[in-house]
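Let me begin by presenting the structure, written as C-alpha cells, before commenting on it.
Reckoned from all heavy atoms, side chains included, excluding hydrogens, waters and symmetry mates. Predicted model only: the values in this text are computed from it and were never measured.
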Amino acid sequence: LEQRGLEAMLQRLLVVSSLSRMAALSSSASRGMASTAVMVRVEIEEARVPKFLEVMKIDVEGSRKEPGCLRFDLLRDADQPNAFVFYEVYESAEAAATHKEQPHYQAWADFKKEGGVLSQAVATYEGLDVVRYD
C-alpha cells in the first residue's frame with residue numbers, strides 16, 4: 001500500500017512539473033517573447049573532424065546547462081560525414097546572444113579561428129511551438 005501511494009504521489013509531481021513548465025513556456029509566448037531557434041550547417045576539413053567533435057562536446061554539454069537554452073543538438077550528415085548541423089533553441093533572442101558569451105562557446109570560436117571550417121551557413125527562426133526536452 002505504501003509503495004502504491006508513493007508511486008501515485010510521484011506521478012502527480014511529474015504531472016504538476018510538466019504543467020508548470022508548459023505554463024511557463026506558454027506564458028512567455030503570450031507576453032510576446034518568442035523563442036529563437038538557430039540552425040548552423042558547417043562543413044569541416046576531414047582531417048579536423050576529430051578535433052571538431054572534441055570541441056563540440058564541450059560546447060554542446062555547456063550549452064545544455066544554460067538557463068535560457070531549451071535544446072542544443074549536434075547532427076551529422078548521413079551522406080557527408082564531415083558536414084554537421086547544430087540545432088539550437090533558446091527561450092529568447094537575448095538568451096541566444098548570451099550563449100555566445102559563454103566559455104564553452106569560446107571553444108567553438110577558437111576552433112573556427114584555427115581553421116578547418118570549410119563552410120558555414122546560419123539561419124535563425126522564431127520558435128512557434130517548442131518544447132524543452134530534459
Side-chain angles (χ1 to χ4, degrees):
L1 185 63
E2 289 180 26
Q3 182 68 25
R4 285 188 205 175
L6 182 59
E7 288 173 0
M9 185 171 62
L10 286 173
Q11 285 179 332
R12 283 193 299 274
L13 282 172
L14 288 172
V15 168
V16 168
S17 174
S18 295
L19 290 174
S20 296
R21 179 176 295 141
M22 287 171 32
L25 288 173
S26 178
S27 174
S28 295
S30 68
R31 291 191 310 261
M33 296 172 34
S35 61
T36 297
V38 180
M39 293 188 74
V40 181
R41 186 183 191 285
V42 295
E43 184 179 351
I44 305 299
E45 187 177 299
E46 288 183 28
R48 300 271 292 146
V49 167
K51 179 64 175 174
F52 167 78
L53 292 173
E54 287 177 29
V55 165
M56 288 311 297
K57 181 174 174 50
I58 294 166
D59 192 20
V60 168
E61 289 176 358
S63 298
R64 288 177 179 165
K65 294 176 184 172
E66 291 176 36
C69 181
L70 300 178
R71 80 180 292 142
F72 194 110
D73 298 327
L74 177 63
L75 312 171
R76 180 181 233 160
D77 189 310
D79 297 321
Q80 187 181 359
N82 68 320
F84 300 86
V85 172
F86 316 163
Y87 176 62
E88 312 167 33
V89 183
Y90 300 92
E91 289 179 347
S92 64
E94 292 79 17
T98 299
H99 166 70
K100 292 185 175 184
E101 300 168 0
Q102 303 306 308
H104 49 268
Y105 178 85
Q106 191 60 46
W108 162 241
D110 291 345
F111 177 86
K112 288 195 308 184
K113 286 180 193 171
E114 294 168 5
V117 178
L118 301 174
S119 67
Q120 177 177 337
V122 179
T124 304
Y125 303 89
E126 178 182 349
L128 298 179
D129 188 1
V130 176
V131 176
R132 180 183 196 134
Y133 293 98
D134 291 322

So does P81 get a backbone contact from the side chain of R76, meaning a donor-acceptor N/O pair under 3.5 Å?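 Between the backbone of P81 and the side chain of R76 there is a qualifying donor-acceptor contact (under 3.5 Å).
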
Side-chain donor/acceptor of R71 to backbone N/O of Y87, under 3.5 Å: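 Flag not set: sc R71 to bb Y87 has no pair under 3.5 Å.
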
Can you find a pair of side-chain heavy atoms, one from [X] and one from [Y], that are under 4.5 Å apart?
{"X": "D59", "Y": "Y105", "answer": "yes"}
{"X": "D73", "Y": "R64", "answer": "yes"}
{"X": "F52", "Y": "V42", "answer": "yes"}

Hey, could you give me the [atom1]/[atom2] distance between [X] and [Y], rounded to the nearest 0.5 Å?
{"X": "L70", "Y": "Y90", "atom1": "CG", "atom2": "OH", "result": "9.5 Å"}
{"X": "L74", "Y": "L53", "atom1": "CG", "atom2": "CG", "result": "7.0 Å"}
{"X": "I58", "Y": "F111", "atom1": "CD1", "atom2": "CZ", "result": "11.5 Å"}
{"X": "N82", "Y": "E45", "atom1": "CG", "atom2": "CD", "result": "9.5 Å"}
{"X": "H99", "Y": "E101", "atom1": "NE2", "atom2": "CD", "result": "10.5 Å"}
{"X": "M56", "Y": "E61", "atom1": "CE", "atom2": "CD", "result": "11.0 Å"}

Are [X] and [Y] connected, step by step, through hydrophobic side chains (Ile, Leu, Val, Met, Phe, Trp, Tyr) whose heavy atoms are closer than 4.5 Å?
{"X": "V89", "Y": "V38", "value": "no"}
{"X": "V122", "Y": "V85", "value": "no"}
{"X": "F72", "Y": "L75", "value": "no"}
{"X": "V60", "Y": "I44", "value": "yes"}

Take atom CG of D110 as the centre, draw a 6.0 Å sphere, and report whether it contains more than 12 heavy atoms from other residues, nucleotides or ligands.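 Counting neighbours around CG of D110, more than 12 heavy atoms of other residues, nucleotides or ligands fall under 6.0 Å, so yes.
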
Quick check on K112: does its NZ atom have over 12 non-hydrogen neighbours (other residues, nucleotides or ligands) under 6.0 Å away?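 Counting other residues, nucleotides and ligands, NZ of K112 exceeds 12 neighbours.
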
Please determine whether side chain to side chain contact (heavy atoms under 4.5 Å, CB included) holds for the pair H104 and S63, giving the CA-CA distance in whole Å, both sets of side-chain angles, and the decisive distance to 0.1 Å. CA-CA 7 Å; H104 49 268; S63 298; 3.5 Å; yes

Would you check, one step at a time, whether the test side chain to side chain contact (heavy atoms under 4.5 Å, CB included) holds for E43 with D77? CA-CA 10 Å; E43 184 179 351; D77 189 310; over 6 Å; no

For T98 and Q102, work out which heavy atoms get closest and say how close.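 Taking every non-hydrogen atom into account, O-NE2, 3.0 Å.
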
Give the minimum heavy-atom separation between A96 and T36, together with the two atoms involved.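 What the structure gives for the nearest pair is CB-CG2, 4.4 Å.
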
Please step through side chain to side chain contact (heavy atoms under 4.5 Å, CB included) for the pair E46 and L118, ending with a clear verdict. CA-CA 10 Å; E46 288 183 28; L118 301 174; over 6 Å; no

What I want to find out is whether K51 reaches E114 closely enough, with some N-O distance under 4.0 Å, to be called a salt bridge.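 Judged by the 4.0 Å cut-off on N to carboxylate O distance, K51 and E114 do not form a salt bridge.
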
